[in-house]
Amino acid sequence: MIEPWLIGLALVSLASIFAIQSRSPDAMDSSRLARLERKVDLILAKLEIDYSETVEDLVRSGDRIGAIKKLREETGVGLKKALDAVNAIERNIKRS
């Protein structure tokens, strides 16, 4: 079974990537973003988590409940973690 703290780490990493993407990147930010994306990809691969763009698409369409359900289905996280992740995705979408 996947350790809950590892899932939390992956979600925090995803939120960090979304936060970084919301700013206009310069050369240094682009390099940092690329490194963070590689790290998150490795974490998700190690945990066998497949984060799909569908969750973000559901948030963009206003279907927060569907996004939470989809994220829980894909990652196995609890309701609170999924809600926090969807809230972070929504905040980052509003910033961009």
Inset, instruction - Begin from the C-alpha positions of L71 and K81 and carry the test side chain to side chain contact (heavy atoms under 4.5 Å, CB included) through to its verdict. - result: CA-CA 10 Å; L71 186 61; K81 295 265 189 210; over 6 Å; no
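Residues N87 and R64 meet the side-chain proximity criterion, which asks for heavy atoms closer than 4.5 Å.
Remark: E73 does not engage K69 in a salt bridge, criterion side-chain N to carboxylate O under 4.0 Å.
A side chain to side chain contact (heavy atoms under 4.5 Å, CB included) with I68 holds for exactly one of V55, V77, V86; it is V86.
Checked against side chain to side chain contact (heavy atoms under 4.5 Å, CB included), D63 has the following partners two or more places apart in sequence or in another chain: L58, S61, I65.
Of all non-hydrogen atoms in A67 and V59, the two that sit nearest each other are CB-CG2, 3.6 Å. Heavy atoms only, all atoms of each residue included: L79 and R72 are closest at N-NE, 3.6 Å.
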